[in-house]
There are 2 protein chains.
Amino acid sequence: MTTTAAPERRAAPPARRRILDTARNLFYGEGIRAVGVDRIIAEAGVAKATFYHHFPAKDDLVCAYLKEQSDLQRGLADGLRSAEGPAEERLVAVFEAVGEIGCGPGFRGCAFVNASVEYPDPAHPVRQVVAAHRAWFRGLVRDLLAATGHPDPDPTAGMLVMLRDGIVVGADLDDAAEVRALVRDAVTRLAAVPRS
Amino acid sequence: MTTTAAPERRAAPPARRRILDTARNLFYGEGIRAVGVDRIIAEAGVAKATFYHHFPAKDDLVCAYLKEQSDLQRGLADGLRSAEGPAEERLVAVFEAVGEIGCGPGFRGCAFVNASVEYPDPAHPVRQVVAAHRAWFRGLVRDLLAATGHPDPDPTAGMLVMLRDGIVVGADLDDAAEVRALVRDAVTRLAAVPRS
DNA sequence: CCGAGCCTAGACAGACCTGTCTGGTAAAGT
DNA sequence: ACTTTACCAGACAGGTCTGTCTAGGCTCGG
């Protein structure tokens with residue numbers, strides 16, 4: 001037990017953090033293929049050897065970038081999931097949060113969808129990170145839907161995942177404010193219990 | 001008036017067609033940045049000078065590729081739009097066609113969404129082709145919705161455009177067959193006249 | 001027969017890409 | 001004092017990218 005703070009293994013070294021932060025900004029903002037390793041190295045103020053020490057290949061950095069984004073979103077959603085209030089409102093809150101983010105500055109669509117476009121091979125490690133994230137989100141929606149007592153949570157969750165994808169694409173390519181204004185209604189219509 | 005067939009100006013030269021066909025396959029299947037001009041030239045069996053004669057820059061080819069895709073989709077949709085039957089069915093038919101295409105072999109999402117991911121600058125010519133295509137589709141949906149007598153065709157069209165984006169993303173990244181099975185229900189729920 | 005238009009073949013330039021390697025610095029643990 | 005670890009600086013190799021240029025062939029109308 002050393003005296004210095006070492007939360008788990010060791011505090012994340014600054015260089016790695018700087019690389020990851022720079023990569024996030026550039027990959028998300030300009031695209032993955034469009035950003036070279038050299039540029040990340042320059043903007044992060046890091047030596048090339050240090051970069052390749054932490055990330056043996058560019059794809060490793062891409063995976064780490066997406067995993068971190070996934071963790072962030074999971075943390076955010078867990079806050080909304082365990083809020084008080086009726087389950088219907090918590091479900092809507094998750095989608096409104098997506099619409100809200102879409103209105104924020106620098107929004108450029110879903111990092112996972114965008115990464116998939118740049119990695120066409122479904123077997124690529126990057127695509128597996130994307131698949132895991134999507135499976136998590138779908139599970140989240142299904143659980144919230146089940147908590148509302150919806151009779152068909154699974155197919156309806158499929159529809160709501162489509163809606164989520166439509167929100168992020170629409171907020172990027174069309175009018176984000178208009179998209180945001182439609183979110184609550186769209187969730188309500190899709191999640192409404194179909195009358196027999 | 002020459003005797004040879006000359007529909008408008010002159011029959012499309014084979015080289016240009018070969019370039020465009022090859023570009024479509026490679027750009028759509030592997031991504032735009034991922035495919036170099038050299039490879040298109042090689043697979044189209046065309047000289048480099050010929051390529052740059054028809055398309056002064058790669059971006060010109062990208063625009064032409066997308067414009068052609070847009071024209072194809074408009075032609076397809078016009079067939080569905082002017083079919084007989086109630087307007088509700090024609091609206092559903094448009095979306096089911098999207099779901100159907102998503103189940104086809106080689107489907108890799110929406111060419112326009114994918115291109116936007118690779119061209120982050122909204123002012124880029126490629127993005128303007130995308131914007132025009134999206135505006136057309138939204139107009140199509142709005143018109144069909146209005147034909148059903150829907151009281152709020154415009155916001156509902158916004159929701160249905162989101163659904164379309166969700167279908168193409170979902171069919172690419174998730175289970176296309178499941179997505180297709182959900183399309184009709186999702187359209188119906190979103191386009192249902194909200195009871196006061 | 002001849003010239004215009006469209007085509008092929010391929011060298012070339014200059015930039016950028018990923019990834020490797022050498023060598024040196026500085027702090028922290030033992 | 002010694003070693004380990006993390007870091008910085010930058011040259012280098014081998015490949016790919018877009019786009020330009022030279023040089024010539026093939027066909028068809030006049």
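Order of the sequence lines sets the chain letters (A, B, ...), proteins ahead of strands, with each chain counted from 1.
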For this session: Round to the nearest Å and state the distance from His53(A) atom NE2 to dC21(C) atom P.
Result: 16 Å
Problem set entry | Any His54(A) side-chain nitrogen or oxygen under 4.0 Å from OP1 or OP2 of dC7(D) | yes
For this session: Round to the nearest Å and state the distance from Phe55(A) atom CZ to dA6(D) atom P.
Result: 14 Å
What does the list of N/O pairs under 3.5 Å between the protein and nucleotides 18-25 of chain D look like, with a distance for each?
from    : atom 1 : to       : atom 2 : distance (Å)
dT18(D) : OP1    : Lys58(B) : NZ     : 3.0
dT18(D) : OP2    : Val37(B) : N      : 2.6
dG19(D) : OP2    : Lys58(B) : N      : 2.9
dG19(D) : N7     : Lys48(B) : NZ     : 3.3
dG19(D) : O6     : Lys48(B) : NZ     : 2.4

Problem set entry | Over all atoms of both residues, closest heavy-atom pair of Ala171(B) and Ala176(B) | O-CB, 3.6 Å
Exercise. Salt bridge (charged side-chain N to carboxylate O under 4.0 Å, His left out): which pairs involve residues 130-149 of chain A, sequence neighbours left out?
Worked result: Arg81(A)-Asp143(A), Arg134(A)-Asp165(A), Arg134(A)-Asp174(B), Arg138(A)-Asp154(A), Arg138(A)-Glu178(B), Arg142(A)-Asp154(A)
Problem set entry | side-chain contact (heavy atoms from CB on, under 4.5 Å) evaluation trace for Arg33(B) with Phe27(B) | CA-CA 8 Å; Arg33(B) 296 193 83 105; Phe27(B) 283 162; over 6 Å; no
Exercise. Under 4.5 Å between any side-chain heavy atoms of Asp175(A) and Val179(A), yes or no?
Worked result: no
Problem set entry | Distance, rounded to the nearest Å, where Ile40(A) contributes CD1 and dG19(C) contributes C1' | 14 Å
Exercise. Which is it for Val168(B) and Val98(B) under the side-chain contact (heavy atoms from CB on, under 4.5 Å) test, yes or no, and what are the steps along the way?
Worked result: CA-CA 7 Å; Val168(B) 291; Val98(B) 176; 3.8 Å; yes
Seminar exercise, completed: Axis-to-axis angle for the helix from dC1(C)-dG30(D) to dT30(C)-dA1(D), ends of five pairs each, to 10°, equals 0°
Pairs of donor and acceptor atoms involving the side chains of residues 61-70 of chain B, under 3.5 Å and at least two apart or interchain, shall be tabulated with distances.
from     : atom 1 : to        : atom 2 : distance (Å)
Glu68(B) : OE1    : Arg17(B)  : NH2    : 3.0
Glu68(B) : OE2    : Arg17(B)  : NH1    : 3.3
Glu68(B) : OE2    : Arg17(B)  : NH2    : 3.3
Ser70(B) : OG     : Arg74(B)  : NE     : 3.2
Ser70(B) : OG     : His133(B) : ND1    : 2.8

Problem set entry | Phosphate-side-chain proximity, Arg16(A) and dT5(D), N/O vs OP1/OP2 below 4.0 Å | no
Exercise. CZ of Phe51(A) versus P of dC21(C): gap in Å, rounded?
Worked result: 17 Å
For this session: Would you list the pairs meeting salt bridge (charged side-chain N to carboxylate O under 4.0 Å, His left out) in which at least one residue belongs to residues 100-120 of chain B, sequence neighbours left out?
Result: Glu100(B)-Arg180(B)
Exercise. Are Arg18(B) and dT8(C) close enough that a side-chain N or O sits under 4.0 Å from OP1 or OP2?
Worked result: yes
For this session: Mind calculating the distance between CD1 (Ile19(A)) and C1' (dG19(C)) to the nearest angstrom?
Result: 14 Å
Exercise. Roughly, in whole Å, what's the span from CZ in Arg39(A) to C1' in dC16(C)?
Worked result: 13 Å
Exercise. Does a side-chain heavy-atom distance below 4.5 Å link Val141(B) with Phe95(B)?
Worked result: yes
Exercise. Does the side-chain contact (heavy atoms from CB on, under 4.5 Å) test come out yes or no for Val183(A) and Val187(A), once each step is laid out?
Worked result: CA-CA 6 Å; Val183(A) 169; Val187(A) 174; 4.2 Å; yes
For this session: Search all heavy atoms of Val94(B) against all heavy atoms of Leu80(B) and return the closest pair with its distance.
Result: CA-CD1, 4.0 Å
Exercise. OP1, OP2 of dC8(D) versus side-chain N and O of Thr50(A): anything below 4.0 Å?
Worked result: yes
Problem set entry | Within residues 24-31 of chain B: residues closer than 4.0 Å to DNA chain D (heavy atoms) | none
Problem set entry | Test item: side-chain donor near acceptor, Asp59(A) and Tyr119(A), under 3.5 Å | yes
Problem set entry | Euclidean distance, atom CD1 of residue Ile41(A) to atom C1' of dT20(C) [Å, nearest integer] | 12 Å
Problem set entry | Side chain of Ala47(B) (C-beta onward), nearest among dT8(C), dC8(D), dC7(C) | dT8(C)
Exercise. Does Phe137(A) have Arg164(A) sitting over its ring (NZ/CZ under 6.0 Å from centre, angle to axis within 45°)?
Worked result: yes
